[in-house]
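Shown next, in structure tokens, is the structure this report addresses.
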Amino acid sequence: MSSFFSYLINGISLGSIYAIIALGYTMVYGIAKMLNFAHGDVIMVGSYMTFLMASSLGLPPAVAVLVAVVVCTVLGITIEKIAYKPLRKAPSLAVLITAIGVSYFLQNAALLIFGANTKMFKSVISLPAIQLADGSINISGETQVTIVACVIIMIALTTFIKKTKAGQAMLAVSEDKGAAELMGVNVNGTISLTFAIGSALAAVAGVLLCSAYPTLTPYTGSMPGIKAFVAAVFGGIGSIPGAFLGGILLGVIENMSKAYISSQLSDAIVFSVLIIVLLVKPTGILGKKIKEKV
Amino acid sequence: MKKKMNLNKSTKSTLITIGMVVVTYIVMMILTQAGALSSLMKGLLVPLCIYAIIAVALNLTVGILGELSLGHAGFMCVGAFSSAFFSICFKETMAAGPRFFLAIVIGALISALFGLLIGIPVLRLQGDYLAIVTLAFGEIIKNIINVLYVGRDANGFHFSTKDFMSLNMEADGKILINGAQGITGTPHDSNFTVGAILLVVTLLIVLNLINSRSGRAIMAIRDNRIAAESVGINITKYKLLAFSISAGLAGLAGVLYAHNLSILQAQPKNFGYNMSIMILVYVVLGGIGNIRGSVIASVILVLLPELMRELNDYRMLIYSIVLIGIMLFNWAPKAKLFREKYSLKRLLKKDN
């Protein structure tokens, strides 16, 4: 029973990372109606930045994380300005290919700058592990921080969207871009803000991911990125609580199938669950059903 | 009179496309005979056919059916493994010619069957949801093949999803599919001639489908599903038809791929979602729904990184910049204005 709980907690921790990444996917999708394939690679940039600051320059972890968040935010806004903004009116496939281009660009730029060698990421979290139930359940510092960070981010983001003007503007733009513009909402500014928040979250996710799984390569971000994308779809893409729920569920399912069924088949199981959920609820768990008008 | 002209137009377009492939094939064969091709280029001839076939196959789904699929590498994987499995089973007992022919038929049919089975539930979804589910299927197929162990001894076939030992074979047993190590010893049956023939067959199938009654029904569904349904088009039937043909053709590319290498493994780089995305790039750059464009774009984009080999580390970086640049040039409003201002047609008109 105690091993079940440790699998569960580790699953929630992994799921929290997916949830933080999925929030970025879902917000961008909700506002710009595009699949930002480069999101996973922003995670990788965030991890490399933290690695550079903490391990090479010897800065304290908090400063390193802060630098990574700032760099990723700037990167997100820049990518949006250069690559996505001119394509607002282009067909969605053209934007998708551009996002893939950006993803290739970030991966190969990282390959040139940092090399193909795997870097060993030193965890930035130095909390002691908690022992529960007479030491049979061990919760590491990374796990605690990840879960707490995810909950804080979730609450902060929900409050931001509900209570602030900028948050309401985001909701309005995702509902109807044209109408929002007529009501005086700065649509371009709102989209930039969304990319900024999404990228900052990606940096945080990168730090947490590499603290828990300490190998860092230029391709580190791509698989978690795809999984988080799956999580966003799972919960209903465009919905913020959906991304949270989808991320946590995905992490738990992945860890449980690794522990009890087969570690090699865990990805197949995760994807099968996604397919079953989508067949029962075609817009994800918390997704809104859009009625087609004839 | 007008009707006849229209009919000729599509036939002419088909002939131009096929002719292009045939001329390229002849030129390449002459160059090979003359020894003017480097070994690198010679090695690229079969992959060029493979990518052109799968790009045409994906264009049928993306451009003609209008549904985004990110799982075509999965169908390619099915075609590759089923045909390679057949080939190593009959490696000693059949002559190379008929064996390869059967392998091609089997690979294409099995992946078309997979396309049908996956299509029945999946094609109910729409847009990005369909894209993510096809991606998921592609990953599942790759994942399952990686844990599949098949061996054969005097008692027949043995299957396992654990490891080599749990096959429980007799001493004379031979392993056929060895999990993540894949299939070893596939006969090297693919060559440029077969590749070119299969490409022509693929083009004939797809172009004839597009110009047929079924093709028009499929495109009607793409343009407006509800309107198509209201005039009595059976949506499910035509969607499944297009999707399974597309999957079957992707399997065909897989057969060529499997018989071009002696070791076949399902890795992220050859059958993962990255591969599906790469083929999607060919399709979009060639023009969505433009079959000839897919062939040209896949040839150029396969050659481009290879020709830039001297730039080694920088080539993929340049490739990505070219990709973003083309998209911006095609679709950004400012680039559109620029093109209209300095278009060749207009400049020529001015002179007159």
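Per chain, numbering begins at 1; letters A, B, ... match sequence-line order. Quick caveat: nothing in here was measured; it's all calculated off a predicted structure.
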Under 4.5 Å to a heavy atom of chain A? For Leu317(B) that would be both

In terms of heavy-atom proximity below 4.5 Å to chain A, should Ile118(B) be classed as side chain, backbone, both, or neither?
neither

Would you mind telling me which of Val281(B), Ile288(B), Leu328(B) has the largest number of heavy-atom pairs within less than 4.5 Å of chain A?
Leu328(B)

CZ/Arg88(A): more than 12 non-hydrogen atoms of other groups inside 6.0 Å:
yes

Scanning both residues in full, the closest heavy-atom pair of Gly101(A) with Ser320(B) reads O-CB, 3.4 Å

Could you tell me whether the side chain of Asp267(A) reaches within less than 4.5 Å of the side chain of Ile140(B), counting heavy atoms only?
no

Closest contact, heavy atoms only, Ile324(B) versus Ala83(A)
CG2-CB, 4.4 Å

By a 4.5 Å heavy-atom criterion (distance strictly below it), what part of Leu135(B) contacts chain A: side chain, backbone, both, or neither?
side chain

Below 4.5 Å, heavy atoms only, C-beta onward: do Phe271(A) and Phe137(B) meet side chain to side chain?
no

Does NZ in Lys85(A) sit with more than 12 non-hydrogen atoms of other residues, nucleotides or ligands closer than 6.0 Å?
no

Please look at Leu279(A) and chain B and tell me whether the side chain, the backbone, both or neither of the residue comes under 4.5 angstrom of a heavy atom of that chain.
both

Can you tell which part of Ile97(A) gets under 4.5 Å to a heavy atom of chain B, answering side chain, backbone, both or neither?
both

Assess whether atom CD of Glu306(B) is packed by more than 12 heavy atoms of other residues, nucleotides or ligands within 6.0 Å.
yes

Between Asn274(B) and Tyr104(A), what is the shortest heavy-atom contact and its length?
O-OH, 4.3 Å

Please tell me if the side chains of Leu93(A) and Leu280(B) come closer than 4.5 Å, counting only heavy atoms from C-beta onward.
yes

The interface call for Ser262(A) against chain B, heavy-atom contacts under 4.5 Å, is neither

Given a strict heavy-atom distance threshold of 4.5 Å, which part of Val322(B) is in contact with chain A: side chain, backbone, both, or neither?
neither

Of all the heavy-atom pairs spanning Pro333(B) and Pro86(A), show the shortest one and how long it is.
CD-O, 3.1 Å

Using non-hydrogen atoms and a 4.5 Å limit, figure out which bit of Tyr273(B) sits close to chain A: side chain, backbone, both or neither.
side chain

If I measure from the heavy atoms of chain B, does Leu112(A) come under 4.5 Å with its side chain, its backbone, both, or neither?
side chain

Can you find a pair of side-chain heavy atoms, one from Glu139(B) and one from Met223(A), that are under 4.5 Å apart?
yes

If one checks every heavy atom of Val102(A) against chain B at 4.5 Å, the contacting part turns out to be both

Quick check on Leu285(B) against chain A: is it the side chain, the backbone, both or neither that has a heavy atom closer than 4.5 Å?
neither

A side-chain contact here means heavy atoms from C-beta on lying under 4.5 Å apart; do Ile275(A) and Pro121(B) qualify?
no

Do side-chain atoms of Tyr129(B) reach the backbone of Thr283(A) as a donor and acceptor pair under 3.5 angstrom?
yes

Given a strict heavy-atom distance threshold of 4.5 Å, which part of Ile269(A) is in contact with chain B: side chain, backbone, both, or neither?
neither

Let me know if Ile326(B) has heavy atoms under 4.5 Å from chain A in its side chain, its backbone, both or neither.
neither

If you count heavy atoms of other groups shown closer than 6.0 angstrom to CZ of Phe51(A), is the number above 12?
yes

Is any side-chain heavy atom of Ile132(B) closer than 4.5 Å to a side-chain heavy atom of Leu278(A)?
yes

Rounded to the nearest 0.5 angstrom, the CG-CD distance for Asn143(B) and Gln264(A) is 8.5 Å

Return the option, out of Thr98(A), Leu111(A), Leu106(A), Val95(A), with the maximum number of heavy-atom pairs under 4.5 Å with chain B.
Thr98(A)

